[in-house]
Amino acid sequence: MSRDEEYREGTRSVHLPRSPELASDPLVPPVVHSSTFAFETAQEYADVLGGRKPGFSYTRIDNPTAVTFANAVAALEGFGVAADVAGEAFGSGMAAISAVLLAFTGSGAHVVAPAACYGGTFGLLRNVLARFGVESTFVEGNDPAAYRAACRPNTRLIWGETIANPTLAVADLPALATVAHDAGALLAIDSTFASPAVCRPLEHGVDLVIHAATKYLGGHSDATGGAVVGRPDLVAQVRAVRVDTGGILAPDEAYLLHRGLATLPLRVARQCTTAQAFADALVRHPRVARVDYPGLSDHPDHALAKALFDSGRYGGCVTVTPNGDQATGMALCDGLRLARIAASLGGHHTIVSHAASTTHRQLDEAALAAAGIGAATVRFSMGLEDPADLIADAEQSLDAMP
Ligand code: PLP
């Protein structure tokens with residue numbers, strides 16, 4: 001009797017033929033949705049779960065599509081690094097950041113971070129980890145000497161951002177690595193604003209690189225995810241926290257983010273060229289008090305950016321502070337016809353956000369001032385539109401401001 005005759009309808013519908021073995025190599029990674037994986041024997045299941053045998057057991061622990069994405073980010077960030085580089089994928093940038101902070105701190109530990117760090121990171125350190133006995137010192141500016149002065153015997157981690165949000169200050173990665181290592185701490189860098197198409201921090205002595213893959217890596221504002229890459233023994237500790245806290249990247253998101261990587265250099269090169277032209281044009285506008293862009297020759301970190309970044313690439317974001325107050329900054333956003341008012345950055349649409357009321361709302365007035373963020377400051381994340389159209393759009397909004 002055939003199997004079909006042996007079993008009843010419900011059973012036959014569940015136990016359908018298996019997927020074929022992939023004898024040839026699919027050009028793009030398959031999306032493996034399965035949340036669980038079956039074994040021939042109980043021993044094999046125990047061995048895979050116990051790490052004694054390679055394989056997949058449960059998607060929260062490891063999913064093939066998420067692993068493919070994590071390995072790809074590790075390869076891009078690890079280019080030019082002699083040592084092995086490992087990667088882990090996360091469900092969001094904040095899931096990646098939390099896992100790193102939880103992996104290397106604990107009650108009694110101390111973290112040094114920039115006052116201008118991403119609002120979510122700031123909130124996590126100040127509001128959440130503080131309740132678990134992790135102390136943080138927020139350093140104003142990006143002088144490595146100030147980071148050194150902030151270190152204590154219990155400093156476990158120095159946090160930084162390759163390009164800070166929204167001030168676009170550039171971190172002196174080699175100097176910060178020396179400060180961290182002298183203090184017996186690790187240097188963890190959120191490189192979301194740079195992406196490996198602008199800078200690869202591992203080349204400059206950084207221990208761990210973190211990405212909100214939601215931004216440039218994905219590049220199309222249609223997937224949320226994060227990644228952590230670095231030395232395999234350190235990444236293994238981050239992975240252990242990821243497994244226990246459950247922040248794995250979903251398979252569909254992993255597929256989209258992985259697809260984004262193929263066009264990362266093309267997109268980012270174009271976004272950098274547009275950002276440079278946009279910054280060059282807006283510094284000349286009479287309603288603009290300040291333009292922050294590391295590609296401007298009078299930017300305080302221009303020389304550092306030139307030394308650390310790939311040639312001619314200074315990032316795809318430009319921060320514009322018009323003369324005026326919060327209402328002025330919001331009016332600049334409201335007057336734009338092409339750039340969209342929206343959260344996030346790094347996608348193909350040009351997006352603006354008024355920093356003090358949105359991305360940095362967690363910072364009070366003193367913290368905003370310490371971070372160098374003005375009441376009117378607006379961040380532009382340049383998309384893939386034509387630069388001349390974007391410049392004309394910003395100029396007409398500035399001209400029309402009350
Ligand atoms: N790091 C930076 C620099 C960011 O700008 C963001 C989000 O805007 C994050 C981390 C958090 O990423 P996600 O929103 O994917 O959690």
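Each ligand, and each atom within it, is numbered from 1 in the order the structure gives. Here the structure is a predicted model, which means the values were calculated and not measured.
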Distance-only, no hydrogens or angles: does the D325 side chain make a donor-acceptor pair with backbone N or O of T328 under 3.5 Å?
yes
Please check: side-chain N/O of Y293 versus main-chain N/O of G315, any donor-acceptor pairing under 3.5 Å?
yes
Do [X] and [Y] get their side chains close enough for a donor-acceptor pair, meaning under 3.5 Å?
{"X": "D47", "Y": "Q43", "value": "yes"}
{"X": "N142", "Y": "D301", "value": "yes"}
{"X": "E385", "Y": "H349", "value": "no"}

Using a 3.5 Å cut-off on N/O to N/O, what pairs does ligand 1 make with the protein? A line per pair would be great.
{"from": "ligand 1", "atom 1": "1 (N)", "to": "D190", "atom 2": "OD2", "distance (Å)": "2.6"}
{"from": "ligand 1", "atom 1": "8 (O)", "to": "K215", "atom 2": "NZ", "distance (Å)": "2.8"}
{"from": "ligand 1", "atom 1": "15 (O)", "to": "G93", "atom 2": "N", "distance (Å)": "2.8"}
{"from": "ligand 1", "atom 1": "15 (O)", "to": "T214", "atom 2": "OG1", "distance (Å)": "2.7"}
{"from": "ligand 1", "atom 1": "16 (O)", "to": "G93", "atom 2": "N", "distance (Å)": "3.1"}
{"from": "ligand 1", "atom 1": "16 (O)", "to": "M94", "atom 2": "N", "distance (Å)": "2.8"}

Please name all residues satisfying salt bridge (Lys or Arg N to Asp or Glu O under 4.0 Å) with E44, sequence neighbours left out, ordered by chain then number.
K53
